[in-house]
Amino acid sequence: MSTTAVPAVDGWFTTDEEPRLLGTRCTSCSTVFFPRASGFCRNSDCRGREFADVELSRTGTVWSYTDAQYQPPPPYIPAGDTYEPFALAAVELAAEQIVILGQVAAGYGVDDLQVGAEVELVVEPLYEVDGVDHLIYRWKPVTS
């Protein structure tokens, strides 16, 4: 088991007890982007070039979902020696008016998901290299 952990992609999320995705908000039109935007606003109706860093909502609702039955191509790194299918969820963050795609938390699959269901952001190990866990954000179904 690893004793240290680092984000697999630096600057995309916090690793706090209640993790958050890190995005940007255009200061001209208020459009939110994840991953972060820089240079120019990706909203075609805006010419903004300045952005404020924002922490995104921790919870959202499943907008769509699917499973990855086949191993993705590199740079994907499987967690173990053999590939195990996993679920993906497109999650709508209502406050930010944005949909974010991500893996579903370990132990959950497409049978645990439904459109409109609430999910929360969690951070879990994706893979380990030399005793260091490399973390990724995932969506975990909220159970009542």
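Only heavy atoms go into these numbers, but all of them, side chains included; no hydrogens, no water, no symmetry mates. Throughout, residue positions are numbered sequentially from 1 according to the sequence presented. On a predicted model such as this, the values are computed, not experimentally measured, just so you know.
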- Looking only at heavy atoms, the pair that brings Phe34 and Ile98 closest together is N-CD1, 3.7 Å
- Task: Indicate the atoms forming the closest heavy-atom contact of Cys29 with Cys26, along with that distance.
- Result: N-SG, 3.6 Å
- Message: Can you confirm whether Asp10 is buried at CG, in the sense that more than 12 heavy atoms of other residues, nucleotides or ligands lie under 6.0 Å from that atom?
- Response: no
- Is there a donor-acceptor pair closer than 3.5 Å between any side-chain N or O of Gln103 and the backbone N or O of Trp139? no
- Message: Same cluster or not: Leu21 versus Val32, using hydrophobic residues (I, L, V, M, F, W, Y) connected whenever any side-chain heavy atoms lie under 4.5 Å apart?
- Response: yes
- Query: Counting N and O atoms only, with roles assigned by atom type, does the side chain of Asn43 sit under 3.5 Å from a partner on the main chain of Asp45, one being a donor and the other an acceptor?
  - Reply: yes
- Note on the structure: Given the options Val62, Val91, Thr59, Thr143, Glu118 meets side chain to side chain contact (heavy atoms under 4.5 Å, CB included) only with Thr59
- Query: Under 4.5 Å between any side-chain heavy atoms of Asp67 and Leu88, yes or no?
  - Reply: no
- Query: Are any of the side-chain heavy atoms of His134 and Val6 separated by less than 4.5 Å?
  - Reply: yes
- Is Arg58 reaching over with its side chain to a backbone N or O of Leu121, donor-acceptor style, under 3.5 angstrom? yes
- Query: Can you name the nearest heavy-atom pair linking Tyr83 to Gln69, along with the distance?
  - Reply: CE2-O, 3.6 Å
- May I ask you to check whether over 12 heavy atoms, not counting those of Tyr76, lie within 6.0 Å of atom OH? yes
- Consider only side-chain heavy atoms of I, L, V, M, F, W and Y, link residues closer than 4.5 Å, and tell whether Tyr137 and Val99 are in one cluster. no
- Distance from Ser57 atom OG to Glu120 atom CD, nearest 0.5 Å? 13.0 Å
- Message: With a 4.5 Å cut-off on side-chain heavy-atom distances among I, L, V, M, F, W and Y, is there a chain of contacts connecting Val9 to Leu56?
- Response: yes
- Query: Can any side-chain N or O of Thr24 pair as donor or acceptor with the backbone N or O of Ala37 at less than 3.5 Å?
  - Reply: yes
- Query: Are any non-hydrogen side-chain atoms of Phe33 and Arg42 less than 4.5 angstrom apart?
  - Reply: yes
- Task: I would like to know whether Val119 and Lys140 meet side-chain contact (heavy atoms from CB on, under 4.5 Å); could you show each step before the answer?
- Result: CA-CA 5 Å; Val119 292; Lys140 179 181 175 183; over 6 Å; no
- Task: Taking all non-hydrogen atoms of both residues into account, name the closest pair between Phe51 and Cys41 and its distance.
- Result: CZ-N, 3.5 Å
- Task: Using modelled atom types only, decide if a donor and an acceptor are shared between the side chain of Glu50 and the backbone of Ser28 within a distance under 3.5 Å.
- Result: no
- Single-linkage hydrophobic cluster, 4.5 Å side-chain cutoff, Val123 and Trp12 together: yes
- State, yes or no, whether a side-chain contact exists between Arg138 and Ile136 at a heavy-atom distance under 4.5 Å. yes
- Which heavy atom in Ala87 sits nearest to a heavy atom in Val110, and how many Å separate them? CB-N, 3.9 Å
- Task: Dump the intermediate steps for side chain to side chain donor-acceptor pair (under 3.5 Å) on Glu55 and Thr14, then the final yes or no.
- Result: CA-CA 9 Å; Glu55 289 187 351; Thr14 67; 5.4 Å; no
- Quick one: closest heavy-atom pair of Tyr65 and Gln114, and the distance? CE2-CA, 3.7 Å
- Query: Would Leu101 end up clustered with Val115 when hydrophobic side chains under 4.5 Å apart are linked, directly or stepwise?
  - Reply: no
- Message: I'd like to check Val122 versus Glu124 (side-chain heavy atoms, cut-off strictly below 4.5 Å). Are they in contact?
- Response: yes
- Query: So do the side chains of Thr15 and Pro7 get within less than 4.5 Å of each other, counting heavy atoms only?
  - Reply: yes
